[in-house]
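The next block holds one structure in the form of structure tokens; read it before the comments.
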Amino acid sequence: MEDPELLIEEIAVENSSPTGGVISVWTLNRPDKLNALNSDSHMLIKKNCRLAEENPNIRCIIIKGSKPKKSIENKKPKPASFAAGADISEFIDKKSYDVRPFFEDNAWESVWNLSKPTIAMVDGFALGGGLELALSCDIRIASTRSTFGQPEINLGLIPGGGGSQRLCRLIGYGRTMEIILSGRMISANESLEMGIVNKLLEPEELESTCINLAKEISRKSPYTIKVAKRAVRFALEMPFSKGIESERDAFVSLFDTKDKEIGVKSYFDRTDPHWVGE
Ligand code: COA
């Protein structure tokens, strides 16, 4: 039976090696609530992060929001959404001791800590915890009708899923301050200018572009991809000179892998590499 609030779909990657590679596509599925993240969504994301980590066939993960349902007559249609934040209804009458355990073990960190590459496919609103989920992914690709923001300040709150930290490292101090202190909506164009997203596409091109990128990544050696992801993270987590050293150590260690032999040989043979993932 499928989990209702997070739909999981696997897309086969042709010519992946080792064979059997898939992209795992996770759809936040609360369209009536603009895919706002409630406790169940968090629980399901955390569970699927564990499963994805254990499943060697999963090479890349795409996270997206479900499309709005067809509007009912005389009712305002719901807008497209990646996720319009944490579910505010779960904040009513809550005190710090109620929410602390939840926020200390949350979906944003589970996604961030995945060793496999992640792409946020944003079509519509990515607000508050929704933007934080996109920021927990490695790459963000959005449609031209998307809107971003950290509007927690309007609720008497601040981001609690890593937004202040990840946004600051991604786009810098001044821009992060502006977004968090004003709580204002950021248009798709502005998000591209600021560097929140890598790319903007028309809504109808979004899915195929994300899948193609995920497939491209999934055709590399899964072992080398993990080492590459970890190396880029050094830049966020270490002082510069230590990061340079750690990257060099990671690079040198790859000389003992089969996939380095396979990659270099296939370059000279002008053939496609058949990775073994070690
Ligand atoms: N938590 C819970 N429910 C949410 C939600 C959230 N973060 N965001 C949207 N919803 C719900 C609305 O309550 C509404 O439910 P209803 O139809 O049962 O009344 C439904 O989703 C549709 O939202 P609605 O506000 O009617 O759509 P809109 O097009 O008028 O406005 C937004 C869209 C995104 C501007 C507006 O929903 C909004 O401001 N959401 C909250 C954003 C936010 O503050 N996020 C940070 C939370 S920490």
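Predicted model only: the values in this text are computed from it and were never measured. We count ligands from 1, going down the list as the structure has it; atoms in each ligand are counted the same way.
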Original post:
Looking only at atom types and distance, does a side-chain atom of Ser16 sit under 3.5 Å from a main-chain N or O of Gly21, one as donor and one as acceptor?
Top reply: yes
Under a plain distance cut-off of 3.5 Å, with no hydrogens placed, do Thr27 and Asn29 share a side-chain donor-acceptor pair? no
_Checking Ser66 against Asn35: is there a side-chain donor and acceptor pair closer than 3.5 Å?_
yes
- Arg166 to Trp108 six-membered ring, cation-pi geometry met (6.0 Å, 45°): no
Measure and list all N/O to N/O distances between ligand 1 and the protein that fall under 3.5 angstrom.
| unit_1 | atom_1 | unit_2 | atom_2 | d |
| --- | --- | --- | --- | --- |
| ligand 1 | 1 (N) | Ala86 | O | 3.4 |
| ligand 1 | 1 (N) | Ile88 | N | 2.9 |
| ligand 1 | 7 (N) | Ala84 | O | 2.9 |
| ligand 1 | 7 (N) | Ala86 | O | 2.9 |
| ligand 1 | 15 (O) | Lys33 | NZ | 3.4 |
| ligand 1 | 17 (O) | Lys78 | NZ | 3.1 |
| ligand 1 | 18 (O) | Lys33 | NZ | 2.6 |
| ligand 1 | 21 (O) | Asp32 | O | 3.4 |
| ligand 1 | 29 (O) | Lys76 | NZ | 3.4 |
| ligand 1 | 30 (O) | Lys76 | NZ | 2.6 |
| ligand 1 | 45 (N) | Ala84 | O | 3.0 |

* Side chain Arg30, main chain Ala36, donor-acceptor under 3.5 Å -> yes
Practice prompt. Check the surroundings of atom OH in Tyr223: do more than 12 heavy atoms from other residues, nucleotides or ligands lie under 6.0 Å from it?
Written response: no
